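Below: one structure, written as structure tokens.
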Amino acid sequence: MTRMEDIKLLRINHLRGPNVWTYRPVLEVWLDLGQLEDHPSHRLPGFNERLLAQLPALIEHHCGVGERGGFLERLQTGTWAGHVLEHVVIELLNLAGMPTGFGQTRSTGTRGVYRMVFRARDEQVARTALAEGHQLLMAAINDQPFDVPAAVAKVREQVDDCYLGPSTACIVAAATDRRIPHLRLNDGNLVQLGHGARQRRIWTAETELTSAIAEGIAGDKDLTKGLLKSCGVPVPEGQVVDSPAAAWEAAQDIGLPVVVKPSDGNHGRGVTLDLSTREDIEAAFTMADQEGTEVMVERFVRGDEHRLLVVGGKVVAAARGESLWVTGDGRSTVLALIDAQINTDPRRGLTEDHPLGRIDVRQDGVVLLDLQRQGLTPEAVPAQGRAVLIQRNGNVAIDCTDAVHPEVAHVVTLAARIVGLDIAGVDLVAQDIGRPLHEQGGAIVEVNAGPGLLMHLKPAEGAPRPVGRAIVDHLFPEDETGRIPIVGVAGTQGTHTLARLIAWLIHLSGHYVGLACRDGLFLDRRQVQTHDASHWEAGHRLLMNRAVEAAVFESSPRAILGDGLPYDRCQVGIVTDLNGCETLAEFDIQESDQLVKVLRTQVDVVLPEGAAVLNAHDERIAELASLCDGRAILYGLDPDLNAITQHRAHGGQAVFMRKGGIVLATGVLENTLTELSSLTLRQGRGTPVSSETLLAAIACAWALDIAPDLITAGIETFDPDLSPARPAAGFAYAR
């Protein structure tokens, strides 16, 4: 077969907000298929078989058929290479641990050129998947070898480098389930939940409510233990020591056996248990000294390690650890036995997605010390049937939440309160978590800030626990979503003036308002940016600002096509017109009818409790009312417009003019707000506000439950002029 030329990737664009394709971020790729436009899948000899051999899980893709095997059916009947690339990229993402099912491919007005999109939780991950998928597809088309595992590994590496860690991701997912929006604030795990003044921030399993003092206390194990002991919480006796000899002396004072550990270590590193000889204790001191600033010697408490997660004063999850052992066969070394009997467990791995870590004897001095105490080395060959202790701690992954005794839960939550942590991982040792600690000599050994959540999300045994939801519920009461009122204004004609007028009305109702429009960026009455701010970056600046109690955004068709909306949902979404298609040829927009799909994005994101405000003079805009999750308010100069009369006939709301008066109507009920002529719009100062813009603003204010008298006063005091010589009444320039 003649070698096919590569598909050309003409343009790659990351749509970061709701867009013409979906509510979620996507990577949009413009493709030129070239000669492949004449060679759909069923006309490429052997292609389908080669592709399925490389990616057998493609059989699970439903595609437009809507059932398993749907995409295979499309391959067999013939589909174009752009559509195939979409599914190849999606499958690579699935294999790399970032599952997605969303993708679309659509033709453009140019033959052979397509727009292909797929879900992009992270732009760099998506770009890597696209690059690898492109190479894989061309290799399958041209019958060339391709290393799929290597491609998946590259995508997976990007996932590990760029995406949220599992603890943060589970909190974000829980917030999404509660309709709480989120913004990622850095390349790591700093995430904002909610918007503006109603936001809360998390950093992995720490929150903005986590005290820095409490975190410092938790990092000092000796100080923590002293505070807990003073409040009656059972802790093991112990001393801070500064030398191997001092460690042995302290052990004798405390009573053997003992534990030697760093005072400020974490994840169990440098902790050695059940020590009874001077040689072992001094060796353990050396290892602990390498992991922390000070070394502690403590009484050894018999029992299993447990980790209890405390969130907002409640125990929400508990996990138990067990010691690790291997059994000799008389032939294999300790290293080989560990690999065969422990590391082969699929729950063990090197990434954060694995609930248990792999055991590497050469990198763990504590394991080496335990082997030495048993007279063994990593290369030794234990006798047939001999049980060899490999690790005493660090394997806390067996869920035991339902077994926690109420008194144990009380002591653990008390420990978190004493340290001052709102979220804490409390480590205790007990023989039975279902009995009070004092009955069995159990004790709390550590209180940790920023605890890992993976052991509770993916326990090696037992049911996973909804710890992410517990943290979200701790930050947001049940009836709160972290949302501020957001108004989106989409169109081109007078939308900047409309956005400023709405912001002024909201300001008068008592809110600190953020505004992003083509006139600039405004914070309450201050203009902080004078150039065009009707784009995604400026919008996000508003949503991140803790002072902002309500926000208004202007979005042009170009902004929606190029970036998406800067917010996920809004209280009010306004569509004013379908003009401007002549400037959008680069997006394959040739006529105003195509803008309907673009501007419906503004309607799609209206919350169920919100409203769409639509221009009834254009039937195409008015018809978007049926797509709104909330209610719709139509506006127009003529009360007899067909769209308005039909909408009112079904009990809908409308704002219109009649005999010079502004009427607010719900079904057959009407309320005249005021006479238009009575409103002082300062027509002689700057560009006058059009009647349609005025009606749209009134409809929006009505949707926001702003009082009629306040609406009238706001319109009378609004000045559309932003001249430096005469600062606007509503928005003065920043000095």
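Keep in mind that this is a model prediction, so the values were computed, not measured.
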Begin from the C-alpha positions of Trp21 and Gln104 and carry the test side-chain hydrogen bond (donor to acceptor under 3.5 Å, both in side chains) through to its verdict. CA-CA 8 Å; Trp21 304 98; Gln104 290 188 27; over 6 Å; no
Residues Ile12, Arg127; criterion side chain to side chain contact (heavy atoms under 4.5 Å, CB included); working and verdict: CA-CA 9 Å; Ile12 303 173; Arg127 285 179 175 271; 3.7 Å; yes
Val472 backbone acceptor or donor facing Arg469 side chain under 3.5 Å: no
Yes or no on salt bridge (charged side-chain N to carboxylate O under 4.0 Å, His left out) for Arg558 and Glu586, after CA distance, side-chain angles and deciding distance? CA-CA 10 Å; Arg558 176 174 292 276; Glu586 65 185 280; 2.9 Å; yes
When you look at Glu37 and Tyr114, which way does the side-chain hydrogen bond (donor to acceptor under 3.5 Å, both in side chains) test go after all the steps? CA-CA 10 Å; Glu37 175 67 9; Tyr114 294 77; 2.9 Å; yes
One pair to check against side chain to side chain contact (heavy atoms under 4.5 Å, CB included): Gln76 and His42. What are the steps and the verdict? CA-CA 6 Å; Gln76 291 160 2; His42 66 305; over 6 Å; no
Between atom CG of Leu9 and atom CG of Asp32, what is the distance when rounded to the nearest 0.5 Å? 10.0 Å
Would you say Lys8 has more than 12 foreign heavy atoms packed within less than 6.0 Å of its NZ? no
Would you check if the side chain of Gln192 reaches a backbone N or O of Leu543 as a donor-acceptor pair within less than 3.5 Å? yes
Member of Asp122, Asp568, Asp563 meeting the salt bridge (charged side-chain N to carboxylate O under 4.0 Å, His left out) criterion with Arg16: Asp563
May I ask you to test the Val605-Gln602 pair for a side-chain heavy-atom distance under 4.5 Å? yes
Among Ile342, Thr344, Ile338, Asp339, exactly one meets side chain to side chain contact (heavy atoms under 4.5 Å, CB included) together with Arg358. Which residue is that? Asp339
For Arg569, I'd like to know if atom CZ has over 12 heavy atoms of other residues, nucleotides or ligands within 6.0 Å. yes
Do Phe102 and Phe118 have ring centres separated by under 6.0 Å? no
Consider only side-chain N and O atoms of Ser107 and Arg115, and report whether a donor and an acceptor are under 3.5 Å apart. no
Taking the six-membered ring for Trp, are His83 and Phe71 parallel (under 30°), tilted (30 to 60°) or perpendicular (over 60°)? perpendicular
Applying the side chain to side chain donor-acceptor pair (under 3.5 Å) test to Arg518, which of Asp532, Thr492, Thr495 qualifies? Thr495
